[in-house]
Amino acid sequence: MWTRNVRLQEQAEQLRSGRQDLMTAIEEACDWVERAEPALAALLPEEGRRERLRKEALSLQRRYPDPADHPPLYGVLFAVKDLFHVHGFPTRAGSQLPAEVLSGPQASSVTLLREAGALVLGKAVSAEFAYFEPGPTRNPVNPLHTPGGSSSGSAAAVAAGYCPLALGTQTIGSVLRPAAFCGIVGFKPTFGRISADGLILCAPSLDTVGLFTQDIAGMMQVASLLCRGWRGCPSLPLPVLGVPEGPYLDQTSPEGLRAFEEQLARLQRAGYRLKRVPALPDIASINQRHLRLVHAEMARVHARWFERFAALYRPLTAAAIREGVTIGIQEIVEVRAGREILRTQVQALMEREGIDLWLTPAAPGPAPQGLQTTGSGLMNLPWTQAGLPALSLPAGRAKNGLPLGLQCVAGWMRDEELLAWAAALETALAEQA
């Protein structure tokens, strides 16, 4: 097991106040990365990482000599999925394409974090172009298993304690699934709530910038910096929890369902009210529509690159692009319209049944063994398609000792409420464990 506790809010406060020396924190993090990376491969190799970070930390100290002026993330390290453009780093998107072909202006999410005093630890490994061809990253809890994907390195870096924060993206389940597999918190905000500029996109109608931390307190802090129009997390009564019964939930493995029922029982003992509601009866068509949209938009994003470099694409990515080329504009219009239709249906069901928050397994089960697959994102797919805010909370372990996640989904633009409710759920799950 290659994990250590590095909690964002706690470390940020210690660095700002001077209780933790910035240079010492940099050295400790680099020592740990150098020790663990041969086993995990969460980051893209970088010659001179330690020296670069020393220089950046020194520059930060000179810029803010008075601790009273330290910005909120002073000296905090963060990893960036290799789909984001970052000044000083090449972007390869997990592919073999020439980096100069994929270059672009720095993502505004990276800029905001840097302006808040955070330092880029490095680029994190991504599945090729955020699709299904995995990179070399291993799960820090058990390196014989996948960390999930496509934000593989981002989740592994936070779970391993390289850094307390990482940026990822979700097109199907690429934030919540790896968070669940690695035993950390993953947050996918409402679609568009965090700017997706400065990224190599997979499917622009679905792609959402997501975040990884080790706990909800840290997630609240970074969400307040990156989410547009942040209102602050309110103090709320316990939510009514909805369980979407039917064919959607049936996609979970038997072990995953048993664990989910145990999680629900723990929450009921803590005083939460559950409502089991038939939902998403047409999940098979929702799944199909989603993948058709992904493939159609991938084909258009990659048109000029694929024409020149098709031989450099891995088989699953190339097959998706070739299928996408065959999808006509009329079908694209229809499947894009399906996003809002689904959102309206889900919101109406929540209102009719008095549900504040959906709870589901964050993945069909624990992380699969091996690195041939990053696992299934079907439990995350409909919520991504609807654009609703969702997160994965650590929620115990499977029989083989691997982490399990509990997925929480709120209504449109209720990101603040989602995180406030998740903080209470986090406490309840810990107390009832």
Side-chain donor-acceptor pairs of residues 391-401 under 3.5 Å, sequence neighbours excluded:
{"from": "R397", "atom 1": "NH1", "to": "G401", "atom 2": "O", "distance (Å)": "2.8"}
{"from": "N400", "atom 1": "OD1", "to": "L402", "atom 2": "N", "distance (Å)": "3.0"}

* If only atom types and distance count, is the side chain of Q214 paired as donor or acceptor with the main-chain N or O of V185 below 3.5 Å? -> no
* Asked: With a cut-off of 6.0 Å (strictly less than), are more than 12 heavy atoms of other residues, nucleotides or ligands near CZ of R273?
  -> no
* Backbone of V301 reached by a side-chain donor or acceptor of W305 within 3.5 Å -> no
* Would a distance-only check, ignoring hydrogens and angles, find a side-chain to backbone donor-acceptor pair under 3.5 Å from D415 to C227? -> no
* Is there a side chain to side chain contact (heavy atoms under 4.5 Å, CB included) between F260 and E255 once you walk through the steps? -> CA-CA 9 Å; F260 179 55; E255 180 183 17; over 6 Å; no
* Looking at CG of L44 and CZ of R49, how far apart are the two atoms once the value is rounded to the nearest 0.5 Å? -> 8.5 Å
* To do: Look only at the side chain of K188 and the backbone of N380, and say whether a donor-acceptor pair between them is shorter than 3.5 Å.
  => no
* To do: Taking the six-membered ring for Trp and the full ring for Phe, Tyr or His, determine whether the centres of H145 and F181 are under 6.0 Å apart.
  => no
* Candidate pair Q96 and Y313, rule side-chain hydrogen bond (donor to acceptor under 3.5 Å, both in side chains), full reasoning -> CA-CA 7 Å; Q96 296 302 310; Y313 284 72; over 6 Å; no
* **Residue list, salt bridge (charged side-chain N to carboxylate O under 4.0 Å, His left out) with E133, at least two apart or on another chain** => R314
* To do: Using atom types as modelled and distance alone, determine if a side-chain donor or acceptor of R177 lies under 3.5 Å from a backbone N or O of T374.
  => yes
* Asked: K81 and S152: side-chain donor and acceptor closer than 3.5 Å?
  -> no
* **E13-Q9 side chain donor-acceptor pair, cut-off 3.5 Å** => no
* Asked: Do R7 side-chain atoms and G218 backbone N/O form a donor-acceptor pair below 3.5 Å?
  -> no
* To do: Would you please test N5 and E10 for side-chain hydrogen bond (donor to acceptor under 3.5 Å, both in side chains) and show each step?
  => CA-CA 10 Å; N5 290 330; E10 177 182 321; over 6 Å; no
* Mind checking the CZ-OG1 spacing from R138 to T146? Nearest 0.5 Å is all I need. => 10.0 Å
* Within 6.0 Å of CD in Q288, more than 12 heavy atoms from elsewhere -> no
* With rounding to the nearest 0.5 Å, note down the distance linking CG in L97 to NE2 in H302. => 8.5 Å
* **Q251 side-chain N/O to P364 backbone N/O, donor-acceptor pair under 3.5 Å** => no
* To do: Could you check if a side-chain atom of W412 sits within less than 4.5 angstrom of a side-chain atom of Q347, using non-hydrogen atoms only?
  => yes
* Member of C233, P234, P389, P239 meeting the side chain to side chain contact (heavy atoms under 4.5 Å, CB included) criterion with E417 -> P234
* Asked: Has E340 got more than 12 heavy atoms of other residues, nucleotides or ligands less than 6.0 Å from its CD?
  -> no
* State whether the side chain of H85 and the backbone N or O of L199 hold a donor-acceptor pair below 3.5 Å, judged by distance alone. => no
* To do: Report yes or no: does Q263 contribute a side-chain atom to a donor-acceptor pair with the main-chain N or O of L406 at less than 3.5 Å?
  => no
* Any donor-acceptor N or O pair under 3.5 Å, side chains Q385, R343 -> no
* Asked: Could you go step by step and tell me if D82 and S126 meet the side-chain hydrogen bond (donor to acceptor under 3.5 Å, both in side chains) rule?
  -> CA-CA 6 Å; D82 190 31; S126 169; over 6 Å; no
* When you look at CZ of R228, are more than 12 heavy atoms from neighbouring residues, nucleotides or ligands closer to it than 6.0 Å? -> yes
* Using modelled atom types only, decide if a donor and an acceptor are shared between the side chain of S150 and the backbone of Y131 within a distance under 3.5 Å. => no
* Only counting residues at least two apart or in another chain, list the ones meeting salt bridge (charged side-chain N to carboxylate O under 4.0 Å, His left out) with E128. => none
* To do: Compute the ring centroids of H70 and Y74, then answer whether they are less than 6.0 Å apart.
  => yes
* Answer yes when R266 and E431 have at least one side-chain N-carboxylate O distance shorter than 4.0 Å, and no when they do not. => no
* Asked: Under 3.5 Å, is there a donor-acceptor pair between the T360 and Y248 side chains?
  -> yes
* **Polar side chain donor-acceptor pair, E323 to H295, under 3.5 angstrom** => yes
* Derivation and outcome, salt bridge (Lys or Arg N to Asp or Glu O under 4.0 Å), residues R193 and E416 -> CA-CA 11 Å; R193 192 85 193 266; E416 292 87 347; 2.6 Å; yes
* **Residue pair Q170 / D207, side-chain donor-acceptor N/O under 3.5 Å** => no
